[in-house]
Amino acid sequence: MSEKKLGIIGGGQLGSLLSAAAKKLNIKTTVYCDDIDGPAQHFCDDFIFGKYDDKQKILEFIKKVDIISYEFENIPYDTLNEMNKLKPVLPKPSVNRLIQHRLAEKDFVNKLNIRTTRYISVEKKSDIETLQDLLPGILKTTTMGYDGKGQYPINKIEDIETLNIDFSKGYILEKMVKLKKEISVIVTRFSNNNYSIYEPIENMHQDQILKHSVIPALISKKILDQSKDWATRIAEELKYIGTLCVEFFIDRNENLYVNEIAPRVHNSGHLTINAYNVSQFENHVRAVCSMEKIPLKKISNAKMINLIGKQIEPYRQNLKLNDNEFFYDYLKKEIKDKRKMGHITTLI
Ligand code: ADP
Ligand code: MG
């Protein structure tokens with residue numbers, strides 16, 4: 001039995017579900033979070049509230065743990081790098097730095113000869129005017145985006161005037177893909193060519209927020225193989241340790257594109273808790289804590305629905321669940337519009 005102590009940066013639902021998985025493996029968790037109400041405090045062993053530039057608090061955190069991981073990618077590189085000098089940070093800070101920047105991330109993927117959407121760096125308004133063939137497109141901040149935040153659809157040049165975009169930040173403009181489907185592939189890499197890979201998950205978004213995820217994804221054998229191959233190659237190339245998710249687009253001509261990489265566990269993988277013998281969370285903890293890999297077995301097909309905002313209320317009021325339904329409440333203090341409050345997984 002391992003006695004390692006795992007530090008997790010970030011105290012949202014992913015930090016909560018990682019803590020719950022660690023508990024099952026007898027690994028103690030300390031969560032560091034800049035939100036005093038971070039819901040992971042209800043799931044971890046020890047919770048430290050502090051800002052990401054509070055050196056004193058961060059040192060206190062580092063002293064308590066053996067290994068550090070994180071639930072989200074938007075942590076300053078310098079913070080992770082300084083931590084890494086004292087205790088191992090996994091996935092490596094350099095991997096996080098690459099992936100948290102949309103431009104660096106897409107350049108990296110293209111260098112592997114893996115297709116992404118067409119894109120270009122935008123530093124000033126006039127850059128877009130010369131890029132008509134990327135319209136209709138989406139302008140995205142290069143860093144800090146999630147759940148569609150920091151994204152602006154641009155159908156025609158004039159849209160830029162009305163959107164009032166703050167060009168002191170860096171952006172990329174991406175060509176809009178005519179989507180047939182979105183899928184994701186989750187892989188946990190333990191060491192060279194040693195990984196567990198989950199089957200592709202089909203995802204449906206609403207207002208750029210994940211609404212539901214389902215396995216099996218209804219896709220061709222070619223897309224299934226290609227998406228798994230690309231996700232594995234990305235993980236190998238990064239020498240990644242832990243769980244990683246690759247989000248893909250499939251267009252109406254059956255072309256596959258990498259949309260983005262998440263250097264962490266992912267919302268679309270919540271169904272792995274009930275649908276597999278080992279969840280993406282347990283696998284992440286196993287990999288970063290150098291524990292053994294257990295052969296992955298699917299137990300059932302499944303569908304996961306995110307409960308956003310008030311959608312959680314009926315479930316909190318003891319709505320009756322069937323035997324094949326599993327309800328998760330992230331215990332967030334406040335219900336807010338567009339906030340992911342919990343999810344429900346149905347085995348099908
Ligand atoms: P986030 O970091 O917010 O998850 P994404 O780049 O994954 O940002 O965008 C969120 C969602 O917006 C995608 O899952 C997809 O539904 C839609 N979207 C983003 N970029 C494009 C694009 N180039 N073409 C079509 N749809 C897109
Ligand atoms: Mg995304």
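All heavy atoms count here, side chains included; hydrogens, waters and symmetry mates do not. We count ligands from 1, going down the list as the structure has it; atoms in each ligand are counted the same way.
Between Tyr328 and His343, the ring planes lie parallel to each other; the angle is under 30°, not in the 30° to 60° tilted range.
Here salt bridge (charged side-chain N to carboxylate O under 4.0 Å, His left out) pairs that include residues 208-226, with residues two or more places apart or in two chains, are Lys221-Asp225.
With a 4.0 Å cut-off on non-hydrogen atoms, Ile138 touches ligand 1 through its side chain and not its backbone. Contacts between Lys175 and ligand 1 below 4.0 angstrom, taking non-hydrogen atoms only, involve the backbone exclusively. In Leu210, neither the side chain nor the backbone holds a heavy atom less than 4.0 Å from any atom of ligand 1. Residue-level proximity to ligand 1 for Lys178 is absent, since no heavy atom of it falls below 4.0 angstrom.
Contact between Gln151 and ligand 1 is present, with at least one heavy atom of the residue lying under 4.0 Å from the ligand.
Considering backbone and side-chain atoms alike, Thr117 places every N or O at 3.5 Å or more from each N or O of ligand 1. The shortest N or O to N or O distance between Asn259 and ligand 1 is below 3.5 Å. Taking only nitrogen or oxygen atoms, main chain and side chain alike, Met176 does not reach within less than 3.5 Å of ligand 1.
Hydrophobic cluster membership differs between Val187 and Phe190, with clusters built from Ile, Leu, Val, Met, Phe, Trp and Tyr side chains linked at under 4.5 angstrom.
Under the rule for a side chain to side chain contact (heavy atoms under 4.5 Å, CB included), the partners of Leu224 that lie at least two apart in sequence or sit in another chain are Pro200, Ile219, Lys228.
Atom 22 (C) of ligand 1 has its closest protein heavy atom at Phe249 CE1, 3.6 Å.
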* To do: Could you please spell out the steps behind the side-chain hydrogen bond (donor to acceptor under 3.5 Å, both in side chains) verdict for Ser69 and His284?
  => CA-CA 9 Å; Ser69 192; His284 184 75; 2.8 Å; yes
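The ligand atoms of ligand 1 that sit less than 4.0 angstrom from a heavy atom of Arg102 are 1 (P), 2 (O), 6 (O), 8 (O).
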